[in-house]
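What follows is one structure encoded as structure tokens, with my remarks underneath.
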Amino acid sequence: MVTREMTNQGNATTVCGLPPWIAFPANDSASYINDVLAVGVNVPLGIFAFVSNLIIIVTVVKTPSLQKPSNILLCILAAIDCLVGLTSQPLFFIWRLMLHRARQSCYLQTELFESRYVLNTLTLGGSFAIFTLISFDRARALSDPMRYRTEVSNKGVLIITC
């Protein structure tokens with residue numbers, strides 16, 4: 001087990017090689033209880049986010065009348081939200097609880113921080129990209145509805161999204 005103590009990078013002293021802007025929790029029971037309560041509330045919310053978005057995806061896939069280009073975009077957004085509920089949200093709270101021990105042990109601190117950062121960036125970027133596509137799709141559908149119905153297909157939406 002490698003233990004990295006406080007390192008000096010320029011004028012900023014960091015713990016475990018983490019960025020200096022990270023707010024480390026105070027080593028008191030109130031801070032720990034606050035984080036445990038936050039985990040207790042967010043674990044069910046993460047499960048709910050995953051299950052509810054999965055239900056949306058399954059409903060659209062199983063119901064042919066719902067398989068429209070706009071609903072396909074909503075399913076892709078639901079898939080990204082499933083990924084958030086499955087990975088990003090739990091990783092944040094695991095890392096937050098492990099941060100209480102950062103001054104004693106640096107075990108997996110940097111790795112958890114970096115993987116959480118990458119997953120948050122990917123899922124947030126994906127959500128914004130899909131929101132943008134949905135906005136353009138709705139604007140095109142409202143500007144010329146007859147032409148939209150003849151030109152836009154489910155396969156075309158999937159190709160554009162990929």
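Sequential numbering from 1 along the given sequence is applied to the chain's residues.
Cluster partners of L83, using a side-chain heavy-atom cutoff of under 4.5 Å among ILVMFWY residues and allowing indirect links: none. As a member of the Ile/Leu/Val/Met/Phe/Trp/Tyr network built from side-chain separations under 4.5 Å, V41 groups with L45.
Among all heavy-atom pairs drawn from Q89 and G85, the shortest one is OE1-CA, 4.1 Å. Between P145 and S143, the shortest heavy-atom distance links the atoms CD-C, 3.9 Å. Considering all non-hydrogen atoms of both residues, M98 and Q109 come closest at O-NE2, 2.7 Å. Minimum heavy-atom separation, E111 to L108: OE1-CA, 3.1 Å.
Enclosure of atom CZ in R138 by more than 12 non-hydrogen atoms of other residues, nucleotides or ligands within 6.0 angstrom is indicated.
Note that CG of L112 and OH of Y107 are 9.5 Å apart. Values are rounded to the nearest 0.5 Å. Distance check: I130 CD1 to S135 OG gives 11.0 Å after rounding to the nearest 0.5 Å.
F48 is not connected to V51 by any chain of hydrophobic side-chain contacts under 4.5 Å among Ile, Leu, Val, Met, Phe, Trp and Tyr, and they are in different clusters. Note on V39: it clusters hydrophobically with L99, by side-chain heavy-atom contacts below 4.5 Å among ILVMFWY residues. Grouping the Ile, Leu, Val, Met, Phe, Trp and Tyr side chains by contacts below 4.5 angstrom, directly or via other members, places I94 with L86. In terms of hydrophobic clustering, with Ile, Leu, Val, Met, Phe, Trp and Tyr side chains grouped at heavy-atom distances under 4.5 Å, Y117 and L91 are assigned to different clusters.
Checked against salt bridge (charged side-chain N to carboxylate O under 4.0 Å, His left out), R140 has the following partners two or more places apart in sequence or in another chain: E151. Residues satisfying the side chain to side chain donor-acceptor pair (under 3.5 Å) test with D81, not counting sequence neighbours, are none. Residues satisfying the side chain to side chain donor-acceptor pair (under 3.5 Å) criterion with R116, sequence neighbours excluded, are absent altogether. Partners of T123 by side chain to side chain donor-acceptor pair (under 3.5 Å), not counting sequence neighbours: none found. The side chain to side chain donor-acceptor pair (under 3.5 Å) search around D35 returns R96, H100, not counting sequence neighbours.
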Which pairs would a plain distance check flag for residues 67-79, meaning a side-chain donor or acceptor within less than 3.5 Å of a matching protein atom at least two apart in sequence or in another chain?
from: Q67; atom 1: NE2; to: V60; atom 2: O; distance (Å): 3.3
from: Q67; atom 1: NE2; to: V61; atom 2: O; distance (Å): 2.7
from: N71; atom 1: ND2; to: L66; atom 2: O; distance (Å): 2.7

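Residues in residues 76-95 take part in these ring-ring contact (aromatic ring centres under 6.0 Å, His included) pairs, two or more places apart or across chains: W95-F113. Applying the ring-ring contact (aromatic ring centres under 6.0 Å, His included) definition to pairs two or more places apart or across chains, none involves residues 130-162. The stretch residues 117-137 participates, sequence neighbours left out, in no salt bridge (Lys or Arg N to Asp or Glu O under 4.0 Å) pair at all. Legend: salt bridge (Lys or Arg N to Asp or Glu O under 4.0 Å) pairs involving residues 45-57, not counting sequence neighbours: none detected.
Judged purely by atom type and a 3.5 angstrom limit, N53 uses its side chain to pair as donor or acceptor with the backbone of A49.
T59 pairs in a side-chain contact (heavy atoms from CB on, under 4.5 Å) with only one of the listed residues (T63, I56, I57), which is T63.
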